[in-house]
Amino acid sequence: MGVLAFFLLPSPATLAKPLHMKLATWNVNSVNARLPLLLEWFREAQPDVCGLQEIKCIDEKFPIEAFESLGYNCAVHGQKTYNGVAILSKFPMSDIRRGLPKADDDQDDHSRYIEAVIEAPEPVRFGCLYLPNGNPVHTDKYAYKLRWLERLHSHAEALLKLEEMTVLAGDFNIIPTKADLWKEGPWLDDALYQPAVRRAYQGLKNLGYTDAFEAHSTFSGSPEDNRYTFWDYQAGAWPKNEGIRIDHHLLSPQAADRLADVVIHKDTRGRTHDEAKPSDHVPVVVELTTKS
DNA sequence: ATGTCGATATGCTATCGA
């Protein structure tokens, strides 16, 4: 009978181990000012992939060696002083795109989008975005935000046609619903909470993308008591827990089918390390079930 | 509304963007 069991059970070599691939996003508000905290968090959390926003440096000043020493490959789309995005990945990356597609009359010199195929055993296309803030409304900054959302919509639509596992993650600068802020009043005139902006976010979902946090909260046995991802430096927002949820993962249907967990690393908002102060955003980590 | 940051050059204080 020992022989029978040997034949009926799959051997360890052929049994595909279920794995969880961790895909994170974090607006770091200067990668160099934040570096000691970032390295500490990467050692602990061990994300497979992490999109960074607001790195606030040109490519040449990105601390590539520090991340390589932790086992990450780096794809960087930097800019002097403002914006700047990057993808860190334990797996090799291919098909790297810097910037969203532009129409002929679009002028956009901000570094706000980078995308790569993560060459894991089951590849994932990962887009890292830093959507314009858009304040104050009724200015060209707000118009730029709306136009950027149109361009993101078009690109997101094109990506769905590839029928891949795709994750669009980043600082969307969009508060999707009333549940995603502590009090509505102060935000009614803010570009992060305008109906047109929230409608555009819903438009991305209507294409077929799933908001990972929203989906996870519908089947999570113990929903997180915190859903905020950002607390302003000003006016004591953090000690008063006056936060908002603006850092999101949108999943293609192929990725949404694998959604296993969403974790907001709230504790990093109160941490310091080697003189480095916390970012005003915290990392959000999505776990997808994948095969080895 | 504002109790804070970070990068920069207008450069040891002010300005911008968030």
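All chains are named by letter (A, B, ...) in the order of the sequence lines, taking the proteins before the strands, and each is independently numbered beginning at 1. Basis for what follows: all heavy atoms, side chains included, without hydrogens, waters or symmetry-related copies. Computed from a prediction, not measured in an experiment: that's the story for all the values here.
Checked against A:Trp238 for a ring pair (Phe, Tyr, Trp, His ring centres under 6.0 Å), the options A:Trp231, A:Tyr228, A:Tyr233, A:Phe230 give a single hit: A:Trp231.
Of the two residues near DNA chain B, A:Lys61 and A:Pro132, the one whose nearest nucleotide lies more 5' is A:Lys61.
The CG-C1' distance, from A:Asn133 to B:dG17, rounds to 8 Å in whole Å. Put simply, CZ on A:Arg112 is 11 Å from P on B:dG17, counting in whole angstrom units. If you take CD of A:Glu242 and C1' of B:dG3, they are 12 Å apart, rounded to a whole angstrom. Distance A:Ile55 CD1 to B:dG6 C1': 14 Å, rounded to the nearest Å. B:dA18 atom P lies 7 Å from atom CG of A:Asn83, rounded to whole Å. Computed from coordinates, the A:Phe62 CZ to B:dA7 P distance equals 14 Å when rounded to whole Å. Rounded to whole Å, atom P of B:dG6 lies 13 Å from atom NE2 of A:His281. Taking atom CD of residue A:Gln79 and atom C1' of nucleotide B:dT8, one finds them 13 Å apart after rounding to whole Å.
Between A:Glu287 and A:Arg258 there is no salt bridge, since no side-chain nitrogen of the basic residue lies less than 4.0 Å from a carboxylate oxygen of the acidic one.
For the P atoms, the distance from B:dA1 to B:dG6 is 25 Å, rounded to whole Å. With both ends at atom P, the span from B:dA7 to B:dT2 equals 27 Å, rounded to whole Å. Comparing the P positions of B:dT8 and B:dG3 gives a spacing of 26 Å, expressed to the nearest Å. When the P atom is compared between B:dG17 and B:dT10, the two are found 15 Å apart, to the nearest whole Å.
Close to B:dC5, at under 4.0 Å from its OP1 or OP2, lies no side-chain N or O of A:Arg34.
Residue contacts for A:Tyr130: at a heavy-atom cut-off of 4.0 Å it reaches the sugar-phosphate backbone alone, with no base atom in range. Within the nucleic acid shown, A:Lys240 comes within 4.0 Å of at least one base atom, counting heavy atoms only.
Considering only heavy atoms from C-beta on, A:Asp211 comes within 4.5 Å of A:Arg245 through its side chain. Contact check for A:Val49 versus A:Met21: side-chain heavy atoms found under the 4.5 Å cut-off.
Residue A:Ala235 places its side chain closer to B:dA1 than to any other of B:dC16, B:dA1, B:dA18. Nearest to the side chain of A:Lys80, among B:dG6, B:dT8, B:dA18, sits B:dT8. Each of B:dG17, B:dA18, B:dA7 was ranked by its minimum atom distance to the side chain of A:Tyr82; first place goes to B:dG17. The side chain of A:Gln234 has B:dA18 as its nearest neighbour among B:dA18, B:dA1, B:dG17. Listed candidates were B:dG17, B:dT4, B:dA7. Nearest to the side chain of A:Tyr233 is B:dT4.
Looking at A:Lys277, its side chain has no donor and acceptor atom pair within 3.5 Å of the base of B:dG6.
Remark: A:Arg227 is not positioned above the aromatic ring of A:Phe213, lacking an NZ or CZ atom under 6.0 angstrom from the ring centre and at most 45 degrees off the axis.
The main-chain N or O of A:Ser89 is found under 3.5 Å from a side-chain atom of A:Asn73 such that the two form a donor-acceptor pair.
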